[in-house]
Amino acid sequence: MALFKRKTVGRPGEWFFNVEDGKVEEGPQSPGKDRMGPYATREEAEHALETARERTSQWENDPRWRDGSTRGGSTPDDSTRDGSEPGDSTRADGQE
């Protein structure tokens, strides 16, 4: 038995889609890793996967993401997280 088990708390009228069983839940009943939401209505929650597919498609086809015009002219594949170029052997602290 867990001594400090967190209870999932939500607001009345929030709807979630459970990706494990494909069911809509009023309030967060399942673990966060298994649900999408919150959604304002039951109908929105029922279409959660469709909405996610549409948004992913829009993002993948967004020319701003692929043409290098965002964030200083580089795409996410052009540099590493610390701003150095791929193959750069010098770290930010000056060490190799």
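Keep in mind that this is a model prediction, so the values were computed, not measured. Atom set for the values below is all heavy atoms of this structure, side chains included, hydrogens, waters and symmetry mates excluded. Residue indices begin at 1 and follow the sequence shown.
Side-chain contact check for Thr41 versus Glu44: some heavy-atom pair is nearer than 4.5 Å.
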Return all side-chain donor-acceptor pairs below 3.5 angstrom for residues 15-27, not counting sequence neighbours, or 'none' if the list is empty.
{"residue": "Trp15", "atom": "NE1", "partner": "Gly13", "partner atom": "O", "Å": "3.4"}
{"residue": "Asn18", "atom": "OD1", "partner": "Glu20", "partner atom": "N", "Å": "2.7"}
{"residue": "Asn18", "atom": "OD1", "partner": "Asp21", "partner atom": "N", "Å": "3.1"}
{"residue": "Asn18", "atom": "ND2", "partner": "Glu25", "partner atom": "OE2", "Å": "3.0"}
{"residue": "Asn18", "atom": "ND2", "partner": "Ser30", "partner atom": "OG", "Å": "3.3"}
{"residue": "Asp21", "atom": "OD1", "partner": "Lys23", "partner atom": "N", "Å": "2.9"}
{"residue": "Glu25", "atom": "OE1", "partner": "Gln29", "partner atom": "N", "Å": "3.2"}
{"residue": "Glu25", "atom": "OE1", "partner": "Ser30", "partner atom": "N", "Å": "3.3"}
{"residue": "Glu25", "atom": "OE1", "partner": "Ser30", "partner atom": "OG", "Å": "3.2"}
{"residue": "Glu25", "atom": "OE2", "partner": "Ser30", "partner atom": "OG", "Å": "3.1"}

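Of all non-hydrogen atoms in Pro28 and Arg35, the two that sit nearest each other are CB-CZ, 3.5 Å.
Applying the ring pair (Phe, Tyr, Trp, His ring centres under 6.0 Å) test to pairs two or more places apart or on separate chains, those with a residue in residues 34-64 are Trp59-Trp65.
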Side chain to side chain contact (heavy atoms under 4.5 Å, CB included) between Thr51 and Met36, worked out: CA-CA 11 Å; Thr51 301; Met36 297 171 70; over 6 Å; no
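For Ser57, the side-chain hydrogen bond (donor to acceptor under 3.5 Å, both in side chains) partners at least two apart in sequence or on another chain are Asn61.
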